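Everything numeric in this text was worked out from a predicted model, so none of it was measured. Residue numbers start from 1 in every chain, and the chains themselves are labelled A, B, ... in the order their sequence lines are given, proteins ahead of strands.
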There are 2 protein chains.
Amino acid sequence: MTLSKALEMYVKVIHKLECEQGKGKATSVTEIAEEMDVKPPSVTDALQRLDKLGMVKYEKYHGVRLTKKGKKVAQALACRYETLRDFLVLLGVPEEIASADACEIEHLANSETVRRLTMFVHFMKNSGQSDKWMEQFQEFMKSEVPPKDCE
Amino acid sequence: MTLSKALEMYVKVIHKLECEQGKGKATSVTEIAEEMDVKPPSVTDALQRLDKLGMVKYEKYHGVRLTKKGKKVAQALACRYETLRDFLVLLGVPEEIASADACEIEHLANSETVRRLTMFVHFMKNSGQSDKWMEQFQEFMKSEVPPKDCE
DNA sequence: AATCAGATTTAGACATGTCTAAATATAATC
DNA sequence: GATTATATTTAGACATGTCTAAATCTGATT
């Protein structure tokens, strides 16, 4: 019932391209292939499967559009991505790494986990205590040797 | 060069079973299959590939043992899992969910991310401020409506 | 309207990871 | 030592996701 990670990525990319372009136009196979750094036949294959799943309206030789269902999935993914990325950056993970990890984790984290992380980020940004806490955490990270690095 | 998520899971499970049993014995295909809830032929296939990759010593019909290399991978995974799980529990994610998510994320998070999470957990558990902070966070979670649930 | 370039799809290959059913090896029992 | 039950492997299927090479369609040019 749920999409694979790969298919979710296609949905996400189509959404991004639809947002970038004017609303009217359908998104082409080539655009998707370039954005995802895969070859066109892989895209065709994915689109055929996404169409069967009701996530996109795909017309042979004429590009693709997200359905309502597809848009909903894309928006949920975007929201999860934002949350995860914000959270990791807050913890001091470099932006590049935070983005990459968020992009992986968005596909598999439980909603409850995402909800907690969202609250954490909010707490950090909105509670009066957060500045003080953040300062202390920064200090802690400087002073402490990482206990073990799992490698 | 790096193992797939599926193969990493086999390594992890073999390690667990080796630890549970006396040291001497090799781990059997059936034990692994039961632990992972897959059928024996899937295990045979995975063991053949892990052997080629130098992660295990696999003797047809006579079970399997982790190599040094395999043990190292297993330990790194266990460490990552612990860190991720501890972290999620600290944030109030229910244990069941925390365990499941940790088990997914361990295979893909960047080391830098894991390191930051480790430090966060340490900070929470060891800095004098943590109790106060945790209390405030709990309070915040009760009072606030989750901003958006990404669904 | 015919042609041609570029985009797209199809066909067929391969890797990973799973399964069922059938063949085979191991180990325990008689 | 032969038989038999159990464990294991092989063979062959399928789904996902990728690729290359070849076929086909579309749209623009002449």
Side-chain angles (χ1 to χ4, degrees), chain A residues 1-14 17-18 20-22 24-66 70 73 77 103-104 106-108, chain B residues 1-14 17-18 20-22 24-66 70 73 77 103-104 106-108:
Chain A
M1 211 48 302
T2 57
L3 296 181
S4 67
K5 178 184 147 186
L7 289 187
E8 281 188 350
M9 280 308 299
Y10 280 99
V11 168
K12 213 178 129 181
V13 165
I14 295 165
L17 293 172
E18 281 187 359
E20 281 173 13
Q21 310 172 32
K25 275 165 270 167
T27 306
S28 76
V29 166
T30 305
E31 289 170 303
I32 298 169
E34 275 168 10
E35 180 73 23
M36 298 186 70
D37 203 29
V38 299
K39 302 295 176 185
S42 308
V43 177
T44 298
D45 193 85
L47 295 186
Q48 285 167 352
R49 276 181 291 133
L50 284 172
D51 188 275
K52 269 193 205 127
L53 294 166
M55 308 301 296
V56 303
K57 183 71 193 155
Y58 164 60
E59 313 247 32
K60 252 194 196 181
Y61 293 107
H62 292 94
V64 75
R65 282 189 170 82
L66 286 180
V73 169
L77 284 170
C103 190
E104 296 288 329
E106 65 182 1
H107 303 289
L108 48 80
Chain B
M1 211 50 300
T2 55
L3 296 182
S4 66
K5 178 184 146 185
L7 289 187
E8 280 188 352
M9 279 308 299
Y10 280 99
V11 169
K12 214 178 129 181
V13 164
I14 295 165
L17 293 172
E18 281 186 357
E20 281 173 13
Q21 312 171 33
K25 275 166 268 166
T27 305
S28 76
V29 166
T30 304
E31 289 171 303
I32 298 169
E34 275 168 10
E35 180 72 24
M36 299 186 69
D37 202 29
V38 299
K39 302 295 176 185
S42 308
V43 177
T44 299
D45 192 87
L47 295 185
Q48 285 167 351
R49 276 182 291 135
L50 285 172
D51 187 276
K52 270 195 204 126
L53 294 166
M55 308 300 296
V56 304
K57 184 70 191 156
Y58 164 61
E59 313 247 33
K60 253 194 196 180
Y61 294 106
H62 293 92
V64 73
R65 281 189 172 82
L66 287 179
V73 169
L77 283 171
C103 190
E104 296 289 328
E106 66 183 0
H107 303 290
L108 46 81

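- Considering only the side chain of B/Y10, C/dT18 comes nearest among C/dT8, C/dT26, C/dT18.
- When the C1' atom of D/dG17 is taken as reference, atom CG of A/L3 falls 14 Å away, rounded to whole Å.
- As a whole-Å value, the separation of A/E8 CD from D/dG17 C1' is 15 Å.
- Between A/Q48 and the choices A/T44, A/L50, A/D51, the side chain to side chain contact (heavy atoms under 4.5 Å, CB included) rule is met once, by A/T44.
- Smallest separation of non-hydrogen atoms from B/K25 and B/R65: C-NH2, 3.7 Å.
- Atom CD of A/E8 sits about 10.5 Å away from atom SG of A/C103, to the nearest 0.5 Å.
- Comparing C/dG17, C/dT8, C/dT26 against the side chain of B/H62 picks out C/dT26 as the nearest.
- Taking atom CE of A/M9 as the reference point, atom P of D/dT16 lies 19 Å away to the nearest angstrom.
- One interatomic measurement links the two molecules: NZ of A/K39 to P of D/dC19, which rounds to 7 Å at whole-angstrom precision.
- When all heavy atoms are compared, the tightest approach of A/S42 to A/Y10 is O-OH, 3.7 Å.
- Contact between A/E106 and A/L77 at its shortest, heavy atoms only, is OE1-O, 3.4 Å.
- When all heavy atoms are compared, the tightest approach of B/V56 to B/L47 is CG2-O, 4.0 Å.
- Here the C1' atom of nucleotide C/dA27 and the OH atom of B/Y61 are 14 Å apart, to the nearest Å.
- A heavy-atom distance below 4.0 Å to DNA chain C is reached by these residues of residues 41-49 of chain A, ordered by number: A/P41, A/T44, A/Q48.
- A/L66 approaches A/E18 most closely through the heavy-atom pair N-OE2, 2.8 Å.
- Regarding B/K5, its NZ atom lies at a distance of 17 Å from the P atom of C/dT16, rounded to whole Å.
- Take the nearest nucleotide of DNA chain D for B/E59 and for A/S4: the residue whose nucleotide is more 5' is B/E59.
- A/Y58 places its OH atom 10 Å from the C1' atom of C/dT10, with the value rounded to the nearest Å.
- Atom pair A/K52:NZ and D/dG17:C1' shows a separation of 14 Å (rounding to whole Å applied).
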